[in-house]
Amino acid sequence: VTAGAPRERLDPVRYMTNDSSGKMGFALAEAARNRGAQVTVIAGSTTAPVPDGIDIRRVESTQDLFDAVTTTAPDMDVVIQGAASAVTYPQKHKKAHDGQPFVVELVENPDIAAAVGAAKRPGQVLVGFAAETENLLQNAHRKLESKHLDLIVLNDVSQPGAGFNVDTNIATLITPDSQTEYPLRTKKQLAEDILDAVLDIRKQKKA
């Protein structure tokens with residue numbers, strides 16, 4: 001399970017990040033642990049409490065997250081990518097002079113989900129998240145297919161009670177063959193729903 005938010009350093013004292021608290025990722029890790037799974041969490045910056053009984057590995061940047069996930073994922077039966085990785089990272093910045101704007105030039109980060117999907121092994125289950133504000137289903141289905149996911153959890157983060165830094169969520173669970181909407185519920189409840197779907201997928205793969 002990945003959780004939390006990477007930090008992209010602008011300089012030794014400043015960084016760019018996002019609002020992910022790690023609550024959803026830790027809820028998934030805790031629910032999986034309670035079902036008897038051996039759980040490894042790769043986490044960026046988090047504000048949510050870390051569950052007991054899991055192996056947690058901390059990373060800072062999205063590149064760190066990429067390296068940790070692509071190294072660890074091949075040995076995992078299920079990979080759930082709940083971390084809200086940064087889209088870009090700072091390449092360099094220019095100091096403002098005489099009231100001129102502060103300029104940051106950005107380059108694209110590696111696509112972690114695509115790399116894990118490309119190395120997917122038979123029987124492995126890959127789960128991704130899509131935090132969207134427009135073209136929700138279209139974007140989610142595109143990610144599901146392009147990243148070789150078995151399940152994607154679609155969140156409309158513009159809705160009250162969904163998204164980052166809250167204890168609840170509203171989600172649609174999408175597979176290549178199904179689509180199930182879940183109304184407002186706690187992230188712990190949604191974690192159980194996601195794991196139920198994962199178990200169904202594993203059973204289908206073993207059939």
Side-chain angles (χ1 to χ4, degrees), residues 1-6 18 20 22-46 48 50-51 53-87 109-131 139-155 169 171-178 180 187-188 190-206:
V1 179
T2 66
N18 58 59
S20 178
K23 288 181 178 181
M24 190 70 245
F26 287 159
L28 283 158
E30 186 172 25
R33 179 208 64 195
N34 291 345
R35 293 182 184 216
Q38 293 181 325
V39 184
T40 296
V41 175
I42 300 173
S45 175
T46 58
V50 180
I54 63 170
D55 172 21
I56 185 164
R57 305 175 188 179
R58 290 287 184 178
V59 296
E60 181 174 61
S61 70
T62 302
Q63 183 63 55
D64 295 338
L65 182 64
F66 177 91
D67 293 341
V69 172
T70 53
T71 300
T72 305
D75 296 325
M76 299 295 163
D77 294 321
V78 179
V79 180
I80 304 178
Q81 299 184 64
S85 59
V87 176
N109 257 323
D111 190 324
I112 300 171
V116 174
K120 183 179 181 180
R121 58 178 172 77
Q124 193 174 44
V125 178
L126 304 184
V127 181
F129 279 72
N139 289 339
H141 280 283
R142 177 179 54 81
K143 290 180 180 179
L144 182 75
E145 182 177 353
S146 65
K147 301 178 192 302
H148 306 288
L149 300 172
D150 297 287
L151 172 69
I152 193 162
V153 183
L154 171 61
N155 302 130
N169 217 333
T172 301
L173 272 56
I174 302 171
T175 73
D177 304 313
S178 68
T180 307
K187 287 184 174 177
K188 289 188 177 183
L190 181 59
E192 299 290 353
D193 297 326
I194 293 169
L195 292 182
D196 286 343
V198 167
L199 287 176
D200 286 341
I201 293 168
R202 281 180 57 78
K203 289 177 183 176
Q204 293 171 15
K205 286 177 177 286
K206 292 179 179 179

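Computed from a prediction, not measured in an experiment: that's the story for all the values here.
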- Electrostatic pair R121-D77, nearest N-O below 4.0 angstrom: yes
- How long is the span from the OG1 atom in T175 to the CD1 atom in I201, to the nearest 0.5 Å? 6.0 Å
- Mind checking the OG1-CG spacing from T40 to D55? Nearest 0.5 Å is all I need. 4.0 Å
- Item | Any side-chain donor near an acceptor of the partner, D67 and Q63, under 3.5 Å | yes
- Item | Closest heavy-atom pair and its distance - T46, G22 | CG2-CA, 4.0 Å
- Message: Any heavy-atom pair between the side chains of P176 and L144 that's under 4.5 Å?
- Response: yes
- For F66 and A115, work out which heavy atoms get closest and say how close. CE1-CB, 3.5 Å
- Nearest non-hydrogen partners of V41 and A29, listed with the distance: CG2-CB, 3.5 Å
- Message: Between the side chains of D196 and R35, is the shortest nitrogen-to-carboxylate-oxygen separation below 4.0 Å, so that they form an ion pair?
- Response: yes
- Could you tell me whether the side chain of D150 and the main chain of L126 form a donor-acceptor pair under 3.5 Å? yes
- Item | Atom NZ of K120: over 12 foreign heavy atoms under 6.0 Å | yes
- Query: For the side chain of T2 and the backbone of G82, is there at least one donor-acceptor N/O pair under 3.5 Å apart?
  - Reply: yes
- Query: Is any side-chain heavy atom of N169 less than 4.5 Å from a side-chain heavy atom of K23?
  - Reply: no
- Whether Q124 side chain and A73 backbone form a donor-acceptor pair below 3.5 Å: yes
- Task: Side-chain contact test, heavy atoms from C-beta onward, threshold under 4.5 Å: evaluate it for T72 versus R57 and give yes or no.
- Result: yes
- Spatial distance of atom CD (E60) from atom OG (S45) [nearest 0.5 Å]: 9.5 Å
- Of all the heavy-atom pairs spanning Q81 and F129, show the shortest one and how long it is. O-CD1, 3.3 Å
- Is a side-chain N or O of D200 found less than 3.5 angstrom from the main chain of A197, in a donor-acceptor match? no
- Note on the structure: In this structure, CG of L149 is separated from CD1 of I80 (nearest 0.5 Å) by 11.5 Å
- Note on the structure: For V39 and R33, the nearest pair of non-hydrogen atoms, with its separation, is CG2-N, 3.7 Å
- Task: Kindly say whether A31 contributes a backbone atom to a donor-acceptor pair with the side chain of E192 at under 3.5 angstrom?
- Result: no
- Spatial distance of atom CG (N139) from atom CG (L154) [nearest 0.5 Å]: 8.5 Å
- Task: Taking the side chain as every heavy atom from C-beta outward, state whether M24 and V153 have any pair of such atoms under 4.5 Å apart.
- Result: no
- Mind checking whether L151 and V125 have side chains closer than 4.5 Å, heavy atoms only? no
- Item | Non-hydrogen atoms of G25 and A3 that approach each other most closely | CA-CB, 3.9 Å
